[in-house]
Number of protein chains: 2
Amino acid sequence: MTLSEEDYIKAIYHLSKDEQKGVSTNAIAAQMDTKASSVTDMIKRLAEKKVVHYKKYQGARLTEEGKAYAAKIIRKHRLWEFFLVEKLNFSWDEVHDIAEELEHIKSDKLIEKLDTFLDYPRIDPHGDPIPDSNGNIKKVEKTLLSSIKKGKKGIVVGVKDSSSEFLRYLDKLNIALGEEITVLNKEPFDNSVLIKLNDSEINISAMTANNIFLKTN
Amino acid sequence: MTLSEEDYIKAIYHLSKDEQKGVSTNAIAAQMDTKASSVTDMIKRLAEKKVVHYKKYQGARLTEEGKAYAAKIIRKHRLWEFFLVEKLNFSWDEVHDIAEELEHIKSDKLIEKLDTFLDYPRIDPHGDPIPDSNGNIKKVEKTLLSSIKKGKKGIVVGVKDSSSEFLRYLDKLNIALGEEITVLNKEPFDNSVLIKLNDSEINISAMTANNIFLKTN
DNA sequence: AATAATTTTTAGACAAATCTAAAAATTTGT
DNA sequence: ACAAATTTTTAGATTTGTCTAAAAATTATT
Ligand SMILES: [Mn+2]
Ligand SMILES: [Mn+2]
Ligand SMILES: [Mn+2]
Ligand SMILES: [Mn+2]
């Protein structure tokens, strides 16, 4: 499988999280930042390699083989991210692009030895679960901050958007994985949320609140 | 620079070690396991990118920029090899192919942080020097075992051939970096060498002796 | 149900990196 | 010095992954 094919498999995997139908050509094109025509070409190639099911105008759906392949790439991506943060002291907003390259390194032995070296981490720097060596992904229980009721609290366990811009903004707000957040008030006018964090009160926009995951006991 | 271009730059660098003239098209083709016509195409592309000097029928010669680029790729290759052996417990015969991929990961920050994490190693698992962040390579003083006089001794500091086959053979003979070897006798008939290693005497072929580097006092 | 809007596919082109076969240049041998 | 051998380059084709423009199919609107 080429680097490009692997990135498409991963994109289809992520997009089919919500969708139970096939993933649309346009959705893949948007995710991959490419043209619909390129996507059609690629889906056909992937179908020939038996990693997706494809029928004209019906979108793409991963086969079991395709899902296993996706899990493996995601495992590599997240293990490398963990390595970069925990061992090389990168911050959580710097690691995604590098892991995007590292995830394509071919050796199976490498990834198992890396896993051992890191002592079998289960969660990556953004709170996302790391698939195990059999490709099983443990679902993490989490709720969007935007849908938490006034007066309730929770621990930050993940982010929906993991762009550097957003992560650096969270750093500025001192919001990190493991922090406790209490929802003090929700403003109906613009859906902004007043939260308590480390004894200080801050107001965050609906958009920000919609990209932070909490675990509520 | 593409992965392929980087591999060509590295090949030309290694081949120009001995050669003071340009490196021949055929020599590059042999090293890269490709056809002479492909090499000609690539040299032209590299010349356009100003990393090699090229005149028809005169072979390829790296520019200063090309040499700096080569040193950087070799730095990355050897740092990753060191990481794989020292941190992930790979053996010295397993790391070359993986490093061949890892050396192309783009981030400068990654390689500087890796260097720091590894505590600035100067020698890779095969005894080859690791270029520093400015691309300077410290020449290691070393002599081929095959050219060491009877009665003299030295410490193993490197190998000329670093194929897995050869390295695994050395493992079998218990020859590793740091071991002391004394030349007890040289057989004129086939140039084989009788050596003392850890109080045992073993006989090695001329070919083997010609691929082991020693440092003599 | 017909038309309009949108999505998806096809057709044709292009750049990168490779190949084979043939031509051109250089080097070697006598 | 000239023919033969070798090396190198060119010409033309192929594969991968991409693009634009246009055609075809599907979905939405009236
Ligand atoms: Mn990727
Ligand atoms: Mn992540
Ligand atoms: Mn390489
Ligand atoms: Mn090495």
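Order of the sequence lines sets the chain letters (A, B, ...), proteins ahead of strands, with each chain counted from 1.
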Legend entry - Side-chain N,O (Lys56(B)) to OP1/OP2 (dT7(D)) below 4.0 Å: no
Inset, instruction - Looking at every strand, decide which applies to Gln58(B) at a 4.0 Å heavy-atom threshold: base, sugar-phosphate, or nothing. - result: nothing
Inset, instruction - Establish whether the base of dT20(C) is bridged to the side chain of Ser37(B) by a donor-acceptor pair shorter than 3.5 Å. - result: yes
Legend entry - Charged N-O contact under 4.0 Å between Glu6(B) and Lys76(B): no
Inset, instruction - Please determine, for the side chain of Ser38(A), which listed nucleotide (dC19(D), dT7(D), dT26(D)) has the closest atom? - result: dC19(D)
Inset, instruction - Between Met42(B) and Asp41(A), just flag the one whose closest nucleotide in DNA chain C comes earlier from the 5' side. - result: Asp41(A)
Legend entry - Given dT18(D), dT9(D), dA16(C), the nucleotide with the shortest approach to the side chain of Tyr8(A): dT18(D)
For residues 38-59 of chain B, please give each side-chain donor-acceptor pair under 3.5 Å, one per line with the distance, not counting sequence neighbours.
unit_1: Thr40(B); atom_1: OG1; unit_2: Ala36(B); atom_2: O; d: 3.2
unit_1: Lys49(B); atom_1: NZ; unit_2: Glu5(B); atom_2: OE1; d: 3.0
unit_1: Lys49(B); atom_1: NZ; unit_2: Glu5(B); atom_2: OE2; d: 3.2

Legend entry - NZ/NE/NH1/NH2 to OD/OE distance under 4.0 Å, Lys109(A) and Glu112(A): no
Inset, instruction - Report yes if at least one side-chain N or O of Arg45(A) is closer than 4.0 Å to OP1 or OP2 of dG17(D); otherwise report no. - result: yes
Legend entry - Polar side chain donor-acceptor pair, Asp93(B) to Ser164(B), under 3.5 angstrom: no
Legend entry - Gap between atoms OH and P, on Tyr57(B) and dA23(C) respectively (whole Å): 13 Å
Inset, instruction - Choose from dT18(C), dG17(D), dT8(D) the nucleotide whose nearest atom is closest to any side-chain atom of Ser4(A). - result: dG17(D)
Inset, instruction - Figure out the NZ/P separation between Lys55(A) and dT9(C), and round it to whole Å. - result: 13 Å
Inset, instruction - Pick base, sugar-phosphate or nothing for Thr40(A), based on heavy-atom distances below 4.0 Å to the nucleic acid. - result: base
Legend entry - Short side-chain N/O contact from Asn26(B) to OP1 or OP2 of dT6(D), under 4.0 Å: no
Inset, instruction - Could you say whether Thr2(A) or Lys35(A) is positioned toward the 5' end of DNA chain D, judged by the nucleotide with the nearest heavy atom to each? - result: Thr2(A)
